[in-house]
Every structure is written in C-alpha cells, then in structure tokens.
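The first residue in the sequence is number 1, and the count goes up from there.
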Amino acid sequence: MIESKNRACRLVSPDLTIGVISKPGQLLLPHAQPRHDTLMTAVVLGLLGAGFLHVLYVTMRSKWPESYTSVRTALDKAPRSSALKYLLFRCFPTYAVGCLLAITVDRLGGNLLTALVCMAVPYALANDGRALWRLRHGGAGRGPVLWFYYVGNLVLIAGIVALSYFSHGWYTDFVPEPDELVFAVWTAVFAAVLATALQQLLRFPSLSTEQKVEAARQDIGEDTWAHIEEAALAANCDPMLMRAIIAAEALQRPRWMRNLERVKGRIIQEGSYGVSQMTAHRPLSDIQSVDALCQEHAGYYPTRRSGGDVREALLEARIEKHNSNPEFVASVMEFYRHLTPWAMDRSASVSYDGRSHIEVTAVRRVGDQFEIEGTAVMGDSQLYVGLVEGGDVRELGPVPIHAPKKRRQGWTAQIPLEASQVAFYKCSGAGLDEIDDSATVDLEYR
C-alpha cells in the first residue's frame, strides 16, 4: 500500500514502514520501521516539548501572580499591564511548541494526539498541578483566589493543546521538510534562536523607581491616587506611606486582576479586594479599600531619628503587618523613599508627622531666579522667606502655601540669583515667631 502525505510517499505494510519516496524513483531511508517506533517517537518528542516549556518558564523566573515578585524590567512589567499581554505570555510559547511538535510528529508518521498529550500532561502537572497539590495540603497561597487561578491555567493549557492539534496545518509551509537528522539540527537551531531572543528580552534596561511608581499610578487612576491623600489626612496617617503601599499592591494585582477577584467574590465572598488588597467578607471597590487601609493605619507616622531620617527597621516591621512578603516590603520601602523627598535643609522643631515643620527639598535655577521647593506645616502661622545678610534677616515676603495649613503641604518660592543665603520661617499675625526655628539655604556656591 502507498500512502501520500506532505509531498512525500510512504511505502507501508500493515505492520511496517518500508521506506520513504520524496521524488519519483528515489527511495530514502530504505529500512524497516515498526509502528511502535513511531509511537515511541511521538512520546519522546512530546516529553521533550514538555521539558522545553518547563525550562523556558523557569528561565524567566517569574512566580507572579502566585506570589509577590519585584518589577525590575519591562519584561516583568509587560504581563501585568493587561489581561491580553498576560495571556500572550502564558499561551504563545505553549502554542508555538505545540504546533511545531504536531507538524514534526505528523511528518514522522506518529500519532499527533499522543505527542501533544505527552507534552501537555507533564508540563501541566509539573507547574499548576504541583501548585494545586501544595495548596490542598495547606501550602503558602492566597486562598480561594489561587484555586481559581491554577484550575484556570490547567483549562487554558488544555485549550491551547487542542488549538495546536486543529490548527498546526496552517504553519506547515513555514517549517522545513527535512529528514530526521536534519530536523534534529533544525530543532536545536530553533531552540537556540528562541533562547537568545529571551536573553535579549531579559537584558531590557531596568525600570527606575519613578517608572514603577508612574506605572502603578496609571493603573490606579488619577482620581483614586488623589483620594489616597484625602483619606490619609482624614485618618491622620502618612499619605506617602499609604501611596507606597498601594503602588506596590497595584503592581502585583493590576486593575484587570482586581476585577477578576471581584467576579470571584460573587461565588466566594471572603478574600482580599481592591487596590489596597484589604481582607474583607465581601468585594470592595478601590476607593473602599483605600479608606480601609488608611483606617488600619490611623494615627501612624514613621518614627524618625533626631536628624529627621526614618528608622527603617521599625517601618519595615509596620509594613510586614500588612504583607510579610519580603519582595513587597522592599518595594514599599523603595516607593516610600521616592515619594517622600529628602530634606536638604530643615527647621529644628518637629511637627505631628515626625518631620520638621519646614523642609527644603529642591533648589534649581530657572531663568534669572532660583526656584526653591519644600514642604511645611504652618498651623495658624504664615511661611515667610528672607535674605540672610550679616546675621540679620531682610524679609522678602510670604510664600504661598495651600490649605489646610494644619497638614503638610508643598510650597515653591522664587529667589533672586544674587542671593547668597535665604531663610524660611514662620510668622504669625503678631510678627516673627522664632527666627532660630528656620530652614536656611546656602546659595553662594550655586
């Protein structure tokens, strides 16, 4: 009997494959090949495909979203930014390997279904299946959310394998038609090219702290980002710390995933919800979760040393009460340092939040003036700036500062380039409060 497939002819008997004819009159591989050899080929190639996928994802070393991981590069950030990008990250390699495997086994006369099953089952069991087993026995996890996630991944893998089975024929013309030896070489080249491409992706420039915070802010939305400060001031806690915690949570649980968690909440209500990932007995909106976080930290401000620097060990211990994952704690500390500007100069007295009443955070030249920025807590007083000349202060005028004055607010002052030293101080209706309690800026060497 002669069987024709993919522009090659196989001379077969019920129990043997006698040879392959690629051109009329030309017989290649003139040897007997029992059917159990093609079955073994399908099994071996399927297992190799499973091993390749396992190594591929291990190389990426991303355990997100199962557990908290830091965002270091654009490759870390991409799958978190949208559900579509995450699905591509999870599906495309499996689909590509599945199609390549199906085309190869088909050309070798093996059973496609056997090969794809031998690829999918070990790969699924070694990853999501093993994670489900650990979760069943009380391993680390996030409760019902992870059950939905792992089961969903298993269903996704089954769907991708089925898609590979039915659609691999679309790509046959793009895959060379070599004999087994040449195919093995080509497969090695394909793997090397893919590995090289992944290495280049992994070498993406690291994201700066500013880029990470900006990505979180875009995900959170400007309305919710502004509400964080309002809720923190209402609860009398540090707005920058609340924003740092929420930014770290948003990078781990982006908007599309928070929406899925709320869908899950219609079936199993108890869980962690919203942009702050607050534990609740029912789904929370992002705004509700922000309010809950600020109430949880009501009255708290990081402890500072006499020089104004935060006692980081105490702050880390506080953050761990919200989430003890080391990657999360490190991210919050990184964001808090970025959001809380370093004070170049400060007044001696300490305000309600452990920071000086007056802080100078930036000095730059803008045209023919110095532009100086800072923060202040004024209460019933007004912030003034004056030139320091020979130990005396010559008043230049008040510095605009936005209400409410009893909370820390930012300010900006314009100073002539000729000034060599200026002082920022509090002044009440009765006159100068305490000139010794001022923030003095030396401009002589700028």
Side-chain angles (χ1 to χ4, degrees), residues 61-77 80 140 142 205-220 224-225 228-229 231-233 235-254 272 274-279 286 289-290 292-344 346 350-356 359 361-362 375 408 410:
R61 298 183 184 279
S62 177
K63 295 182 178 180
W64 183 85
E66 298 97 310
S67 60
Y68 283 76
T69 59
S70 59
V71 179
R72 295 186 177 89
T73 67
L75 185 62
D76 294 326
K77 174 188 168 187
R80 309 183 195 206
R142 293 171 59 84
S206 297
L207 294 177
S208 66
T209 304
E210 183 177 2
Q211 288 174 316
K212 296 176 189 177
V213 172
E214 182 59 29
R217 183 170 178 169
Q218 290 178 359
D219 179 85
I220 293 166
T224 304
W225 186 259
I228 297 171
E229 183 169 4
L233 293 177
N236 190 28
C237 59
D238 191 336
M240 298 302 105
L241 178 59
M242 298 301 100
R243 280 180 169 169
I245 290 174
I246 290 171
E249 289 286 12
L251 289 180
Q252 301 299 330
R253 290 293 182 269
S272 56
V275 74
S276 304
Q277 287 294 290
M278 297 298 292
T279 302
D286 284 349
S289 72
V290 168
L293 177 70
C294 292
Q295 288 302 317
E296 184 178 80
H297 294 274
Y300 175 76
Y301 292 91
T303 303
R304 295 176 179 269
R305 293 186 286 271
S306 57
D309 297 327
V310 171
R311 293 186 59 184
E312 294 195 352
L314 292 177
L315 179 54
E316 288 173 354
R318 180 78 182 200
I319 296 168
E320 285 178 352
K321 293 181 179 180
H322 178 79
N323 188 320
S324 60
N325 184 281
E327 293 280 4
F328 176 81
V329 174
S331 293
V332 174
M333 293 297 295
E334 177 187 359
F335 297 160
Y336 183 68
R337 296 186 196 102
H338 173 77
L339 292 169
T340 306
W342 176 72
M344 302 167 52
R346 57 172 65 88
V350 177
S351 183
Y352 67 92
D353 56 2
R355 295 160 60 180
S356 299
E359 294 180 340
T361 58
T375 69
R408 183 168 299 279

Keeping the roles fixed (side chain from S208, backbone from Q211), state whether a donor-acceptor pair exists under 3.5 Å.
-> yes
Side-chain heavy atoms of L251 within contact of F335, under 4.5 Å | yes
Starting at CD1 of I246, measure out to CG of D219 and round the result to the nearest 0.5 Å.
-> 12.0 Å
Would you say M278 and H322 make side-chain contact, with heavy atoms under 4.5 Å?
-> yes
Taking every non-hydrogen atom, the tightest pair across A232 and C294 = N-SG, 3.6 Å
Looking at residues at least two apart in the chain, or sitting in another chain, which of them share a salt bridge (charged side-chain N to carboxylate O under 4.0 Å, His left out) with E316?
-> none
So how far is it from L315 CG to M333 CE, rounded to the nearest 0.5 Å?
-> 4.5 Å
Euclidean distance, L293 CG relative to E249 CD, rounded to 0.5 Å | 8.5 Å
If you draw the axis of the six-membered ring of Y300, does the NZ or CZ of R318 fall within 45° of it and under 6.0 Å from the ring centre?
-> yes
Can you check whether R304 reaches D309 side chain to side chain, under 4.5 Å on heavy atoms?
-> no
Identify, with sequence neighbours excluded, every residue that meets ring-ring contact (aromatic ring centres under 6.0 Å, His included) alongside H297.
-> none
Starting from the C-alpha separation in whole Å, work towards a yes-or-no answer on side chain to side chain donor-acceptor pair (under 3.5 Å) for Y352 and N236.
-> CA-CA 9 Å; Y352 67 92; N236 190 28; 5.9 Å; no
Between I245 and Y336, is any pair of side-chain heavy atoms under 4.5 Å apart?
-> no
Does some side-chain heavy atom of T224 sit less than 4.5 Å from a side-chain heavy atom of V290?
-> yes
List in chain and number order the residues that pass salt bridge (charged side-chain N to carboxylate O under 4.0 Å, His left out) with R311, two or more places apart in sequence or in another chain; answer none if no residue qualifies.
-> none
Does a side-chain heavy-atom distance below 4.5 Å link R346 with R355?
-> no
Worked verdict on K321 versus E296 for salt bridge (charged side-chain N to carboxylate O under 4.0 Å, His left out) | CA-CA 10 Å; K321 293 181 179 180; E296 184 178 80; over 6 Å; no
From E312 atom CD to I319 atom CD1, the distance as rounded to the nearest 0.5 Å = 9.0 Å
Interatomic distance, CG@L241 vs OG1@T340, rounded to 0.5 Å, equals 8.0 Å
Any side-chain heavy atom of R243 within less than 4.5 Å of one from E229?
-> yes
Is it true that D353 and R408 have a side-chain N and a carboxylate O under 4.0 angstrom from each other?
-> yes
Taking the side chain from S272 and the backbone from Q277, do they hold a donor-acceptor pair closer than 3.5 Å?
-> no
Going from CZ on R217 to CD1 on I228, what distance comes out if it is rounded to the nearest 0.5 angstrom?
-> 9.5 Å
Side-chain donor/acceptor of S324 to backbone N/O of E320, under 3.5 Å | no
Main-chain N/O of V275 paired to S289 side chain as donor or acceptor, under 3.5 Å = yes
Sub-4.5 Å side-chain heavy-atom contact between P302 and D238 = yes
